[in-house]
Amino acid sequence: MRRDWFSKALLKWYAQHGRHDLPWKKPLSVYRVWVSEIMLQQTQVSTVIPYFARFMASFPSLESLANAPLDSVLQHWAGLGYYARARNLHKAAKCLVNDFAGIFPKDVTTLSSLPGIGLSTAGAIIAQAYNLRAPILDGNVKRVLCRFHGIKSWPGEKKVHDKLWELAEYHTPKQQAADYTQATMDLGATCCTRTKPSCELCPLQKHCAAFSQQSQAQCPGKKPRKKLPTKQLYMLCAQNQHGELLLQQRPLKGIWAGLWSLPEFTDESAIVPWLNEFLGTSGAKLTALSPILHTFTHYHLTILPRLITIRKKAIKSQSNLSWLNNDALAQRGLPAPIQKLIATIR
DNA sequence: AATTCGTGGAT
DNA sequence: TATCCAAGAAT
């Protein structure tokens, strides 16, 4: 088999069966490709599309993004997850404007030095925006390569990961870099899927090791998983007589960093003293709402909401608390489960 | 190398 | 229902 058989077969398939209508490709610009690639990290296309549209409407250019307040960027990211992506995107925009004269670098090394851009994302941007040869290695490509070469070990192992980069480099053609890159991702997303791959429609079937052994389900190997721990938190839904809700901005580190959420407590007994200290209330009575279960990548969270209605009082200074009405709430970035919880009491 | 970062869809 | 895991990067 010639070295270029893989890319030739894939490009031919892509011309007929690829996704040619993705919003970040029309019109094509390196800025739009960059934003889309960051949003698409660990996130499926169908989830990204509405976020991308809203983001582009508000931040149509690199300069508009660099000049925007971080809070506004986070608000546009709210619900999409992995909020460090939004902070890094904003930081990289400022860096590009200040240190690169607003011009995206055209080499993988320099591009991947920007916050939030790793090797694979840098390759994807350069290949798609500039049509320059640059291998990528995302989840789709890993799966396609593992199956094509019959690799059954887990790509998280360094040795396997290095081998996959080597294979990605080997198969990437010099010509049609943009189409090839999109083709590999499209094949993984629509044909060589995680479960029930459509091998009968696959352009690579003839030389696919996994197909010949019928070992598709074993390639690639799975990540060894531990049982997820469960955490419990009380969250305070405090409303005042104007219908405003008490929100608290989260610290810049940890889960939901920088987003607006409800005040949280490990112990229920801490809520009333806290209300006394920060809002000067007394005789407060809490109502328990139904618990909410939310699962992160690395733990289960049980949210125990406690509702209270109080007279509006001045918030103790130096706090990150704020009374917000519905309009103001819409202007803040709220985590998805908090957004849902609030919707149930409005 | 192992963790930490969200959320939603698929099975 | 429980589990997996997506166009990964940073630490």
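Naming: A, B, ... by sequence-line order, numbering from 1 per chain.
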Work out how far the [atom1] atom of [N] is from that of [M], and round it to whole angstrom.
{"N": "B:dT11", "M": "C:dA7", "atom1": "P", "result": "14 Å"}
{"N": "B:dT3", "M": "C:dC4", "atom1": "P", "result": "15 Å"}
{"N": "C:dT11", "M": "B:dA1", "atom1": "C1'", "result": "12 Å"}

Think [X] has a side-chain N or O under 4.0 angstrom from the OP1 or OP2 of [N]?
{"X": "A:Tyr83", "N": "B:dT7", "value": "yes"}
{"X": "A:Trp256", "N": "B:dT7", "value": "yes"}
{"X": "A:Arg143", "N": "C:dA7", "value": "yes"}
{"X": "A:Arg194", "N": "C:dC4", "value": "no"}
{"X": "A:Lys223", "N": "C:dG8", "value": "no"}
{"X": "A:His294", "N": "B:dG6", "value": "no"}
{"X": "A:Thr43", "N": "B:dT7", "value": "no"}
{"X": "A:Gln42", "N": "C:dG8", "value": "yes"}
{"X": "A:Lys226", "N": "B:dT3", "value": "yes"}

The side chain of [X] lies closest to which of these nucleotides: [options]?
{"X": "A:Lys340", "options": "B:dT7, B:dG8, C:dC5", "answer": "B:dG8"}
{"X": "A:Ile255", "options": "C:dG8, C:dA7, B:dC5", "answer": "B:dC5"}
{"X": "A:Pro335", "options": "B:dC5, B:dT11, B:dT7", "answer": "B:dT7"}
{"X": "A:Lys222", "options": "C:dG8, B:dT11, C:dC5", "answer": "C:dC5"}
{"X": "A:Thr195", "options": "C:dC4, B:dT11, C:dA7", "answer": "B:dT11"}
{"X": "A:Tyr82", "options": "C:dA7, B:dC5, B:dT11", "answer": "B:dC5"}
{"X": "A:Arg225", "options": "B:dG6, B:dG9, C:dC4", "answer": "C:dC4"}
{"X": "A:Lys158", "options": "B:dT4, C:dA7, B:dA1", "answer": "B:dA1"}

Looking at every strand, decide which applies to [X] at a 4.0 Å heavy-atom threshold: base, sugar-phosphate, or nothing.
{"X": "A:Thr295", "result": "base"}
{"X": "A:Ala84", "result": "nothing"}
{"X": "A:Gln339", "result": "nothing"}
{"X": "A:Gly79", "result": "sugar-phosphate"}
{"X": "A:Gly254", "result": "sugar-phosphate"}
{"X": "A:Trp77", "result": "nothing"}
{"X": "A:Val48", "result": "nothing"}

Could you state the atom-to-atom distance from [atom1] of [X] to [atom2] of [N] in whole Å?
{"X": "A:Leu334", "N": "B:dG6", "atom1": "CG", "atom2": "C1'", "value": "14 Å"}
{"X": "A:Lys196", "N": "B:dA10", "atom1": "NZ", "atom2": "C1'", "value": "9 Å"}
{"X": "A:Leu293", "N": "B:dG6", "atom1": "CG", "atom2": "C1'", "value": "16 Å"}
{"X": "A:Leu164", "N": "C:dG8", "atom1": "CG", "atom2": "C1'", "value": "15 Å"}
{"X": "A:Leu80", "N": "B:dG6", "atom1": "CG", "atom2": "P", "value": "11 Å"}
{"X": "A:Leu89", "N": "C:dA9", "atom1": "CG", "atom2": "C1'", "value": "13 Å"}
{"X": "A:Gln44", "N": "C:dC5", "atom1": "CD", "atom2": "C1'", "value": "8 Å"}
{"X": "A:Leu228", "N": "B:dT4", "atom1": "CG", "atom2": "P", "value": "11 Å"}

Joint cluster assignment, A:Ile38 & A:Leu28, ILVMFWY side-chain distance < 4.5 Å: yes
Side chain A:Arg19 and base C:dA7 donor-acceptor under 3.5 Å: yes
Under 3.5 Å donor-acceptor pair, A:Thr297 side-chain atoms to B:dG6 base atoms: yes
Validation row, ring centre A:Trp24 to ring centre A:Tyr31 under 6.0 Å: no
Ring centers of A:Tyr83, A:Trp256 separated by less than 6.0 Å: no
Pairwise 5' ranking along DNA chain C for A:Pro220 and A:Arg85, keeping only the more 5' one: A:Pro220
Ring geometry between A:Phe148 and A:His171 (parallel below 30°, tilted from 30 to 60°, perpendicular above 60°): perpendicular
Check against ring-ring contact (aromatic ring centres under 6.0 Å, His included), A:Phe55 and A:Phe59: CA-CA 6 Å; A:Phe55 199 93; A:Phe59 314 113; 4.8 Å; yes
Over 12 foreign heavy atoms within 6.0 Å of CZ, A:Arg3: yes
Over 12 foreign heavy atoms within 6.0 Å of NZ, A:Lys94: yes
Gap between atom CH2 of A:Trp77 and atom CG of A:Leu259 - 0.5 Å precision: 12.0 Å
